[in-house]
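Read through the structure below, which is laid out as structure tokens, and then see the notes.
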Amino acid sequence: MPEAKTVTINMGPQHPSTHGVLRVECELDGETVVKARPVIGYLHTGIEKTMESKLYYKAIPCTDRMDYLAPMSNNLGFVLAVEKLMEIEVPEKVKWARVCLTELTRVASHLVWLGTHALDIGAMSMLLYTFRERELIIDIYEACAGQRMMSTYFRIGGLSDDLPRDFDKKVRNIIKVIPERMKDYEALLTNNQIFINRTKGVAVISAEDAINWSLSGPMLRGSGVKHDLRKANPYSGYENFDFEIATGTNGDAYDRYLLRLKEIRQSLRIAQQALDGMPEGPYRAHVPGVVLPPKEDVLHKMESMIFHFKIITEGFKSPRGQVYQAIEAPKGELGFFISSDGTNRPNRVRVRPPSFCNLAALPALCEGRLFADVVVAIGSIDIVLGEVDR
Amino acid sequence: MKEILKALINVFLKMPQGFVVTLKHVFKKPVTLDYPREKKPMAPRYRGRHYLERYEDGTERCVCCGLCAAACPADAIYMEPEETPNGERKAKVYEINLLRCIFCGFCEEACPEEAIFLGQEYEFSDFNRDSFIWRKEDMLVPHPRKDNPFKRIIRRVRRVYGVPDAAR
């Protein structure tokens, strides 16, 4: 009987550093990974199909539950897709508020990534610090939408409610506090020899490979490709904002760490601009029959009352057609494809989740490397299994 | 020699930067709460447990129109109407299955009578699944109110209309 040269072992689905229920089948030769195959589907909840069975506005809470670390970005993607389908123009204030909130979401998502990635590598205290800062942003979700994670704040044609009174003050506090605390993170990690040894030159992907694997977000930019949907294909008024696209050079895990720190700073910069230039105006578009009228009108005007009843019970009829709207979510390009057959429900909703597409490159990142580097590779991709499996 | 120098710089200059950060936190006040004993006040718009509002004279606001049930993405609300002796419509049965409810707040947004609203309470755990199906009696606000009714009205108005411009 010939002696087996390689050993196949399972990492996950119940492994603390796979960030959820990801299983990686690793074929090992000694300590070297010969083959790594991500196996997904443990968290499959059929969100796309659930959205197809619901009226357009009722599908918004489903999107929150995909990438639960960045609920506002998911809301924005879906809401923009439906607005594109219905050809709704939202008020300026809504656009700016959405930009401000999604940038804060990016900061929150990157903070969680930073904490968990450092925890995987062995830096325990990072998680505690980053969650402390994330709490400030979660408080803003709570003040705006009323829920701390599953916010459901954006509606088709506007926001569910006006921005709260102390929104400005709270966001300005965040913009002031987080850069100061980020000095602590950098002191802990950037020059830490253990962290550098674990991440530098690990999980490398070249720019060409990154494009061929159709990676997006920090995974793509970490390899030096200057591509950001906020600049390349602006949505929701991003063309009005002045910011830089952060890029890496080597395409390794350490570069992606530095890049995400830069992105946090740029996001705060955008949030600051959004606050400074926040125009006054209504928080919902006035599109009778599609967008809910304001509550005070429902109570006093017959016409608004009728539209209110009609929208809530029947939804609105969408024109026949297909739209694709992609946004730059914290993890990469998040796209929503909606195919409509002219009824009040979408005929097909397809999500292009950034985590899923980025996870596909996992074999390329860790084959030929040590087994311990698989953890770093998974961490630096920044996956959320709720989004991978949907 | 160069290697040794690099290692020395790492050990004595670079690594202690991190230690300083963790050491500084020893002298800081903890940001955590002693949870079951200390509680964080929730935001005014917080979406917790459901309440059914009454008019000032104690009659229920809900007219059982079914909009909340229609708006519910999780299909958690069930209701049956009946007519009161003086010809008004009201709910005979009004049940919310809290195990299905996702606390999205669409029922509150849909309600044309401002009858249902989501309050601040968020601790629901129980040993019995049946106790999570809340009937009308469980959700109606007490009458007469125990707390200052003025405060609650103000809060509801704020939740629904936003804050008036003068207060900005």
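We name chains A, B, ... by the order of the sequence lines, and we start the count at 1 in each one.
Looking only at side-chain heavy atoms (C-beta outward), Gln193(A) and Val11(B) stay at 4.5 Å or farther from each other. The shortest distance between side-chain heavy atoms of Thr152(A) and Phe103(B) does not fall below 4.5 Å. Two residues are said to be in side-chain contact when any heavy atoms from C-beta on lie closer than 4.5 Å; Ile102(B) and Arg65(A) meet this criterion.
Of all heavy-atom pairs between Ala110(B) and Ile312(A), the closest is CB-CD1, 3.1 Å. Contact detail for Val298(A) and Pro112(B): the closest heavy-atom pair is CG1-CB, 4.5 Å. A pairwise comparison of heavy atoms in Tyr57(A) and Ala70(B) identifies OH-O, 4.1 Å as the closest pair.
With chain B as partner, the option from Asp184(A), Leu292(A), Asp64(A) having the largest number of non-hydrogen pairs under 4.5 angstrom is Asp184(A). Put simply, of Asn10(B), Val20(B), Leu67(B), the one with the most heavy-atom pairs under 4.5 Å next to chain A is Leu67(B). Counting heavy-atom pairs under 4.5 Å between each of Gln17(B), Met42(B), His25(B) and chain A puts His25(B) at the top.
The CG atom of Asn191(A) sits 11.5 Å away from the CD1 atom of Ile9(B) when rounded to the nearest 0.5 Å. Note that CD of Glu135(A) and OG1 of Thr32(B) are 11.0 Å apart. Values are rounded to the nearest 0.5 Å. Here the CG atom belonging to Asp161(A) is positioned 4.0 Å from the CZ atom belonging to Arg45(B), to the nearest 0.5 angstrom.
In this view, Lys183(A) satisfies the side-chain contact (heavy atoms from CB on, under 4.5 Å) rule with no residue, not counting sequence neighbours. In this structure, Tyr185(A) has no ring-ring contact (aromatic ring centres under 6.0 Å, His included) partners at least two apart in sequence or on a different chain.
A 6.0 Å sphere centred on OH of Tyr35(B) holds more than 12 heavy atoms belonging to other residues, nucleotides or ligands. More than 12 heavy atoms of other residues, nucleotides or ligands lie within 6.0 Å of CD in Glu137(B), so this atom counts as buried by the packing criterion. Atom CD of Glu82(B) sits in a crowded spot, with more than 12 heavy atoms from other residues, nucleotides or ligands closer than 6.0 Å. The neighbour count for Lys169(A) NZ, taken as heavy atoms of other residues, nucleotides or ligands under 6.0 Å away, does not exceed 12. The environment of Leu23(B) atom CG is dense: over 12 non-hydrogen atoms of other residues, nucleotides or ligands sit within 6.0 angstrom.
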Q: Evaluate the criterion side-chain contact (heavy atoms from CB on, under 4.5 Å) for residue pair Tyr129(A) and Thr22(B); output intermediate values, then yes/no.
A: CA-CA 10 Å; Tyr129(A) 297 155; Thr22(B) 36; 3.5 Å; yes
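For a residue to count as touching a neighbouring chain, one of its non-hydrogen atoms must lie under 4.5 Å from one of that chain's; by this rule Glu314(A) does not touch chain B. Residue Phe167(A): no heavy atom, backbone or side chain, is found under 4.5 Å from chain B. Residue Arg155(A) touches chain B through its side chain alone, counting heavy-atom pairs closer than 4.5 Å. Interface remark: Thr313(A) contributes backbone and side-chain atoms alike to the contact with chain B (heavy atom separation under 4.5 Å).
Taking 4.5 Å as the heavy-atom cut-off, the residues of residues 143-151 of chain A that approach chain B are Ala143(A), Cys144(A), Ala145(A), Gly146(A), Gln147(A), Arg148(A), Met150(A), Ser151(A), ordered by number.
Sorted by first and then second residue, the pairs that involve residues 281-293 of chain A and meet salt bridge (Lys or Arg N to Asp or Glu O under 4.0 Å), not counting sequence neighbours, are Arg284(A)-Glu109(B).
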